[in-house]
Asker: 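Provided herewith is a single structure, encoded as structure tokens, for subsequent inquiry.
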There are 2 protein chains.
Amino acid sequence: MTAPLISQTEPELRTEATTDIVGYRLRRAQLSVFQRFNAAFEMLNLRPAEYSVLVLIADNPGRKQTEIAEILGIKRANFVALVTGLETRGLIERQAAPGDRRANALYLTADGVKFLDEARAIQDRFEADCIARLGGVERRDALLRLLDTLC
Amino acid sequence: MTAPLISQTEPELRTEATTDIVGYRLRRAQLSVFQRFNAAFEMLNLRPAEYSVLVLIADNPGRKQTEIAEILGIKRANFVALVTGLETRGLIERQAAPGDRRANALYLTADGVKFLDEARAIQDRFEADCIARLGGVERRDALLRLLDTLC
DNA sequence: GGCGTTTGTTATCAATCATAACAAATATCT
DNA sequence: AGATATTTGTTATGATTGATAACAAACGCC
């Protein structure tokens, strides 16, 4: 005997047990947001991690690689290529850190400052879009508070 | 002249421009949750994606690979290795799909059912921990609603 | 019967993340 | 001061994840 014909409309899958999970929904939301971020920054060819590095250096010039990396939760080893990439593009500089010949002090170049201005403008629009989707700044803040409890 | 001594306590970095961003906080929270998930499932050697595949097959036996993959947002191409891995471990089976000799219908094996029972128990405890961190089921539901608006 | 589409698959490719090892420089301790 | 431990940047490497292109077999359509 074959399976009986149940419905003409395509039978839907049961997904509650999978989708009603915090981690799963977090992953989906994060992927979605990052894809939109990448689309918005396609012209600048800037990835999320790179943007955060530029902002952090701009707000904290002269800090060592390790300090910047640690705050972003990036391993020292993986941070090297990231910094090298931004340096090769002429956006940041590694300078000798005063008082520690091992360390590299990171600075934005003049080009980097100009570049970051453009990036910040795009990011502001992007964040405004996220806030609009969430339904207002209060909801955004509520989300950030909830996310913090998971870290 | 050298930089003046400002403070004995280590000077803190300015991070607002980076951390007050939805995408960034999403990424951090998702990474943190997945790391705890992986720790909880270390004994079962089960990754988040694998768990969701098992649950989805259990709740929708006989579905084609493409159907399961699409719901999880996994590309067909990348889903092959995932299915093969679970099949090699004896947890699921690829069976001939009735009426379509191209497609593979996916089923849990008896071992897969037993295995998923254990996994579900762990996941239930894990989700309870997430809810506790968030401050209750209402907050968890609020988070899920907010996350949905970002997809 | 011919033609476009779907399905599973392989092969790449890029990005992300983790670990181990290492040399140079620095800090610590006695 | 000298021995020892730690920090810093770096390279190398591996595992995981996600995306794209191409392909043969099977299917659906006309």
Side-chain angles (χ1 to χ4, degrees), chain A residues 10 23-24 26-39 41-42 45-53 62-88 92-106, chain B residues 10 23-24 26-39 41-42 45-53 62-88 92-106:
Chain A
E10 54 182 32
Y24 177 80
L26 263 179
R27 166 178 165 264
R28 296 298 292 258
Q30 188 252 325
L31 261 170
S32 175
V33 170
F34 268 46
Q35 279 174 357
R36 288 203 305 279
F37 181 99
N38 284 327
F41 280 88
E42 197 178 14
N45 189 28
L46 198 66
R47 321 218 123 265
E50 293 174 325
Y51 174 76
S52 61
V53 169
R63 292 304 185 123
K64 296 184 294 182
Q65 287 188 196
T66 298
E67 293 180 289
I68 303 290
E70 190 176 349
I71 286 195
L72 294 174
I74 301 175
K75 305 282 180 191
R76 284 197 330 276
N78 297 327
F79 198 57
V80 174
L82 222 172
V83 168
T84 301
L86 294 174
E87 194 178 34
T88 302
I92 67 174
E93 281 179 339
R94 288 190 243 231
Q95 292 188 10
D100 191 338
R101 278 180 292 173
R102 297 168 301 178
N104 293 334
L106 299 180
Chain B
E10 54 184 31
Y24 177 79
L26 262 180
R27 166 179 164 264
R28 296 298 293 259
Q30 188 251 325
L31 262 170
S32 175
V33 169
F34 268 46
Q35 281 174 355
R36 288 204 305 277
F37 181 98
N38 283 327
F41 280 87
E42 197 178 14
N45 188 30
L46 198 67
R47 320 218 122 263
E50 293 174 325
Y51 174 76
S52 61
V53 170
R63 292 304 186 125
K64 295 184 295 182
Q65 285 187 198
T66 298
E67 293 180 290
I68 303 291
E70 190 176 348
I71 286 194
L72 294 174
I74 302 175
K75 305 284 181 192
R76 285 197 328 277
N78 296 327
F79 197 56
V80 175
L82 221 172
V83 168
T84 301
L86 293 174
E87 194 178 35
T88 301
I92 67 175
E93 280 179 338
R94 287 189 244 233
Q95 292 188 9
D100 192 337
R101 277 181 294 173
R102 297 169 302 180
N104 293 334
L106 300 179

Asker: Mind calculating the distance between CZ (Phe79(B)) and C1' (dT20(D)) to the nearest angstrom?
Answerer: 19 Å
Asker: Specify the residue among Thr84(B) and Arg76(A) whose closest nucleotide of DNA chain C lies further upstream toward the 5′ end.
Answerer: Thr84(B)
Asker: Which nucleotide wins on minimum distance to the side chain of Val80(A), given the candidates dT20(D), dG8(C), dG9(D)?
Answerer: dG9(D)
Asker: Using atom CZ of Arg63(B) as one end and atom C1' of dT6(C) as the other, report the distance to the nearest whole Å.
Answerer: 17 Å
Asker: Does the side chain of Arg36(B) come under 3.5 Å of the side chain of Ser32(B) through a donor N or O and an acceptor N or O?
Answerer: yes
Asker: My understanding is that only residues two or more places apart in sequence, or in another chain, count here; which of them pass side-chain contact (heavy atoms from CB on, under 4.5 Å) with Leu72(A)?
Answerer: Ser52(A), Val53(A), Leu56(A), Ile68(A), Ile74(A), Thr18(B), Tyr24(B)
Asker: Could you pull out all residues at least two apart from Arg47(B) that satisfy side-chain contact (heavy atoms from CB on, under 4.5 Å)?
Answerer: Asn38(B), Glu50(B)
Asker: How many Å lie between CG on Leu86(A) and P on dA15(C), as a whole number?
Answerer: 13 Å
Asker: Tell me whether the side-chain N or O atoms of Arg102(A) pair up with the base of dT26(C) as donor and acceptor below 3.5 Å, since no angle test is needed here.
Answerer: no
Asker: If you compare every side-chain N and O of Lys64(A) against the phosphate oxygens of dT8(D) (OP1, OP2), does one of them come in below 4.0 Å?
Answerer: yes
Asker: In a check of side-chain hydrogen bond (donor to acceptor under 3.5 Å, both in side chains) between Asn104(A) and each of Glu87(A), Gln65(A), Glu93(A), which one passes?
Answerer: Gln65(A)
Asker: Could you state the atom-to-atom distance from CD of Gln30(A) to P of dT17(D) in whole Å?
Answerer: 13 Å
Asker: What integer distance in Å separates Gln35(B):CD from dT17(D):P?
Answerer: 13 Å
Asker: On the nucleotide dT9(C), are OP1 or OP2 found under 4.0 Å from the side-chain N or O atoms that Asn104(B) carries?
Answerer: yes
Asker: Any non-hydrogen side-chain atom of Arg27(B) less than 4.5 Å from a side-chain atom of Leu31(B)?
Answerer: yes
Asker: Of Ala77(A) and Ile74(B), whose closest DNA chain D nucleotide lies nearer the 5' terminus?
Answerer: Ala77(A)
Asker: Heavy atoms from C-beta onward define the side chain here; which of dC17(C), dT16(D), dG8(C) lies closest to that of Arg47(B)?
Answerer: dT16(D)
Asker: For residues Lys64(A) and Leu106(A), determine if any side-chain heavy atom of one lies less than 4.5 Å from a side-chain heavy atom of the other.
Answerer: no
Asker: Looking at CZ of Arg76(A) and CD of Glu67(A), how far apart are the two atoms once the value is rounded to the nearest 0.5 Å?
Answerer: 13.0 Å
Asker: Tell me: CZ of Phe34(A) to P of dA19(D), nearest whole Å?
Answerer: 14 Å
Asker: Where the side chain of Arg101(A) is defined as all heavy atoms beyond and including C-beta, which of dA25(C), dT10(C), dG18(D) is the nearest nucleotide?
Answerer: dA25(C)
Asker: Looking at dT6(C), dT11(D), dA19(D), which one has an atom nearest to any side-chain atom of Lys75(B)?
Answerer: dA19(D)
Asker: Take the angle between the ring planes of Phe41(B) and Phe37(B) and call it parallel below 30°, perpendicular above 60°, tilted in between.
Answerer: parallel
Asker: OP1 or OP2 of dC17(C) sitting under 4.0 Å from any side-chain N/O of Arg27(B)?
Answerer: yes
Asker: Just how far, in rounded Å, is P of dT7(D) from CD of Glu70(A)?
Answerer: 11 Å
Asker: Need the bend value for the helix from dG1(C)-dC30(D) to dT30(C)-dA1(D): angle between end axes, 5 pairs each end, nearest 10°.
Answerer: 30°
Asker: Considering heavy-atom distances to DNA chain C, does Gly99(A) or Asn78(A) have its closest nucleotide positioned more toward the 5' end?
Answerer: Asn78(A)
Asker: Round to the nearest Å and state the distance from Arg94(A) atom CZ to dG9(D) atom P.
Answerer: 9 Å
